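Everything on this sheet refers to the single structure shown next.
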Amino acid sequence: MGFIDIFRIEETVPGVASDVVFSIGAFPVTNSFLFILFIAVLFALGGAYVVKKFTLVPQGIQGGIEMIYESILSLVTSITGSQKQSKVIFPVVATLIIYIGVANLIGFIPGLTSLTYQKVSIFRAPMSDFNTTFGLAFALIVVINLISIKDFGILGYLGRFFQFRELIAGFRGGLKTGFEATISFLIGLLDIVSEMAKVISLSFRLFGNVFAGEVLAVILLGSIAYVVPALWMTLSILFGLIQALVFGALITAYYSSSVKPETVEREGH
Amino acid sequence: MDLESARLIAKGLALFSMFGSGIGEGYLIGKALEAMGRNPDVSGELFSRMIIGVALAESTAIYALVAFFIL
């Protein structure tokens, strides 16, 4: 197969754990961590530019950014269904969506992931590291539960999982409603497992999409390096953006189901 | 049976769950297209909801792919 070799590019398949570039004392700094910091610095610079240079009447790139803002706001409002809730959760969700979107897209700038330092590449897609996605998902679900405790009080929060009050009221109403109350009591217990399943499903969905995309890109480059990887990269761009949207939409839905539903107020205009 | 061949067989078996994901996604997209045909005004909103639903239904297939790479 000597002639076919000019159509291939050999690269090592990335492992699940990212490589340590250097260590500060006992703290290993991995390449995905460096990329996270790099993107965060880009965001800070972008934020400074927005604050200084944007005017009341949008021109140029300001129109594009306002369009992204409005579309994320309409998505969040349509999921929560109330303006008050979306005002609380919108900054977090918009940052999440834009950060994950940029993190998934910035790998396509040529040359950025090829910079190496002592034979180890210093940049790696941040969402292809399970620590990143697990940290994000775990921290967000913990915060959503803390907000729920703050809203309902700790007894009300526990009462959602251990529905003793509904059980007693159901059996007081008769045997049939007693059985229904038992079933909803067991479902309330299952909700505890479902909280952990939320963390695992959120983190694995994002990690799996990005990591599997990278591994398949390496495998494709190893077989045919012309034309075919471009198709796969197009799909990667699409999937990266969609997964960012799905992550943000799910966090909004989890938040909206964990706070008190808003009563419809009649407004006089 | 030694460990290496058992591992390879496990890798192959882990991919069986992608079956259900394909069926589920096809059903979801079919329902979305039917609803778009009934009510063409909300086509845009239905399409974006469908994309989110497809990404959610894809997640078990992604778990299987990750398990394949980890094994």
Side-chain angles (χ1 to χ4, degrees), chain A residues 12-17 70-79 93 97 100-101 104 127-130 133-134 137 197-219 235-236 238-254, chain B residues 2-71:
Chain A
T12 51
V13 174
V16 176
E70 290 284 330
S71 60
I72 298 181
L73 184 60
S74 81
L75 175 72
V76 169
T77 314
S78 76
I79 293 180
V93 169
I97 293 179
I100 299 177
N104 287 339
M127 303 300 158
S128 74
D129 190 358
F130 186 59
T133 56
F134 185 73
K198 281 180 194 173
V199 175
I200 295 189
S201 80
L202 271 178
S203 56
F204 260 111
R205 189 179 299 117
L206 188 55
F207 165 67
N209 267 292
V210 179
F211 178 68
E214 284 208 341
V215 171
L216 280 169
V218 166
I219 293 179
L235 269 180
S236 259
L238 185 68
F239 281 150
L241 290 173
I242 290 180
Q243 288 305 317
L245 264 176
V246 165
F247 197 91
L250 275 175
I251 291 292
T252 319
Y254 293 156
Chain B
D2 49 343
L3 186 63
E4 188 60 33
S5 46
R7 198 177 73 101
L8 289 173
I9 293 180
K11 274 177 103 141
L13 281 179
L15 297 178
F16 261 103
S17 56
M18 299 193 169
F19 221 168
S21 156
I23 296 178
E25 276 181 41
Y27 188 70
L28 172 68
I29 296 178
K31 283 287 192 181
L33 285 174
E34 183 184 338
M36 280 195 233
R38 267 193 214 191
N39 192 359
D41 284 339
V42 287
S43 266
E45 193 174 309
L46 274 178
F47 182 70
S48 58
R49 299 271 172 266
M50 180 190 92
I51 292 292
I52 294 182
V54 161
L56 281 176
E58 187 120 31
S59 30
T60 38
I62 300 291
Y63 303 158
L65 194 61
V66 172
F68 173 81
F69 283 130
I70 290 183
L71 270 177

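On a predicted model such as this, the values are computed, not experimentally measured, just so you know. Below, chains carry the letters A, B, ... as their sequence lines are ordered, and counting in each starts from 1.
- Of the atoms belonging to A/F211, it is side-chain heavy atoms, and not backbone ones, that fall under 4.5 Å from chain B.
- Between B/L65 and B/M18, some side-chain heavy-atom pair lies under the 4.5 Å cut-off.
- Surrounding NZ of B/K11 are more than 12 heavy atoms belonging to other residues, nucleotides or ligands, all under 6.0 Å away.
- B/D2 places a side-chain heavy atom less than 4.5 Å from the side chain of B/S5.
- Proximity to chain A involves both the backbone and the side chain of B/I52, based on heavy atoms less than 4.5 angstrom apart.
- For A/A212, the parts lying near chain B are the backbone and the side chain together; criterion is any non-hydrogen pair under 4.5 Å.
- Here the closest heavy-atom approach between residue B/A55 and residue A/V246 is recorded as CB-CG2, 3.3 Å.
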